[in-house]
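Just so you know, ligand 1 is whichever comes first in the structure, and atom 1 is the first atom listed for that ligand. Values below: every heavy atom of this structure, side chains too, minus hydrogens, waters and symmetry copies.
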Amino acid sequence: MSDGEVEQLNRRWAIDGQARFEPGGGGLTRLAIHAAQATAHVYLHGAHVTAWQPTDHAPVLWLSSASRFEASKPIRGGVPICFPWFGPKPDDPDAPAHGLARTRTWNVSGVHVTADDEVVATFETRLQAFILTYTVTVGRTLTMSLHVLNESPHPQRFEAALHTYLTVGDIRQARVTGLEGTTFIDKVDGGRRKTQPNEPVLFTQETDRVYLDTDSACVLHDPVLLRRIVVDKSGSRSTVVWNPWIAKAARMDDFGDHEWPGMCCIETACVADNAVHLSPGADHAVNAVLSVQRS
Ligand code: BG6
């Protein structure tokens, strides 16, 4: 995007001292938000939130130092939007993993400040049969809401995930609560279906799990950074938990080899059995709300 185009966005949407478009990584355009109680960055590339930091807290979202910031690649970290499929496309192994939304440039459709001094930014794109509207609300909490409308005359099925990368002090000491007793697809064990015991999720190896039929909020307990991150949600019946561990991190060229202990993905998702079916004209919203508490 040229300097002139960024200036045009600012003339239309900038809010003095609180929201301004600027060149970010790789020169890609991002919205820099300084709300009363938090800062954040959102790239137009993928409508990708890459940073959120409430005042008096350390950064909450993880972003790889090896991330590419290129128009054809997803950003590694923050909150990529996976849509309209999750993982590989079943009928097309050459299609990009996690769909098309995270590598396209979204349009801005609104920036405003609420009575509570939160900054709300809205982005839109049309993708296949769908109109997507993504609303990011930055304040003491970070709310991300993906609204999907089937604008076609045919029924449509989609998968979606707000693929949230959280910063953690040391994944080997962290635990995730909120998924006790639920069924999950274990992607590191041939896709076998298993039941989470009545215990937190602990991390001792590569972990890649799709938890099904769960509406619950999850909590990432971090005894190193002395905090809890709560991922609350609605319109989402699956939760994906992922850490690549040593070998997979080394295989990914946009993920630093030694960065894996510092991140944990808790993804607010509608995938596999919980994919969404929309009749013509119908809509659905997937919402994630992040908050952080000292422990
Ligand atoms: C997770 C998947 O959600 O995303 C993993 O469950 C995958 O299987 C990971 O490896 C990262 O995917 P990508 O396409 O961003 O490398």
Indicate yes or no: does [X] engage [Y] in a salt bridge with an N to O separation below 4.0 Å.
X	Y	answer
Glu199	Arg175	no
Asp94	Lys89	no
Asp215	Arg237	yes

**Report entry** Trp242, Phe86, Tyr165: member with heavy atom nearest to atom 9 (C) of ligand 1
**Finding:**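 Among Trp242, Phe86, Tyr165, the closest heavy atom to atom 9 (C) of ligand 1 belongs to Trp242.
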Report task. Identify which of Lys73, Arg209, Glu206, His163 has a heavy atom lying nearest to atom 4 (O) of ligand 1. Result -> His163
Identify, for [atom], the protein heavy atom at the shortest distance, and state residue, atom and that distance.
atom	result
atom 10 (O) of ligand 1	Lys248 NZ, 2.7 Å
atom 12 (O) of ligand 1	His98 NE2, 3.3 Å
atom 13 (P) of ligand 1	Arg76 NH1, 3.6 Å

Report task. For ligand 1, note which part of Arg102 has a heavy atom under 4.0 Å away: side chain, backbone, both or neither. Result -> side chain
If the cut-off is 4.0 Å to any non-hydrogen atom of [X], which atoms of ligand 1 fall inside it?
X	answer
Ala97	14 (O)
Glu267	1 (C), 3 (O)
Lys187	2 (C), 6 (O), 8 (O)
Asp208	2 (C), 5 (C), 6 (O), 8 (O)

Query raised in the report: Once the angle between the rings of His163 and Trp242 is folded into 0 to 90°, is it parallel (under 30°), tilted (30 to 60°) or perpendicular (over 60°)?
Result: perpendicular
Report task. Indicate the ring-plane relationship of His98 and Phe86, choosing parallel, tilted or perpendicular according to the 30° and 60° boundaries. Result -> tilted
Query raised in the report: Between the side chains of Glu259 and Ser65, does any donor sit under 3.5 Å from an acceptor?
Result: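 Side chains of Glu259 and Ser65: pair found under 3.5 Å.
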Query - Within 45° cone and under 6.0 Å: Arg76 NZ/CZ vs Phe255 ring - result: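 Ring-cation test returns no.
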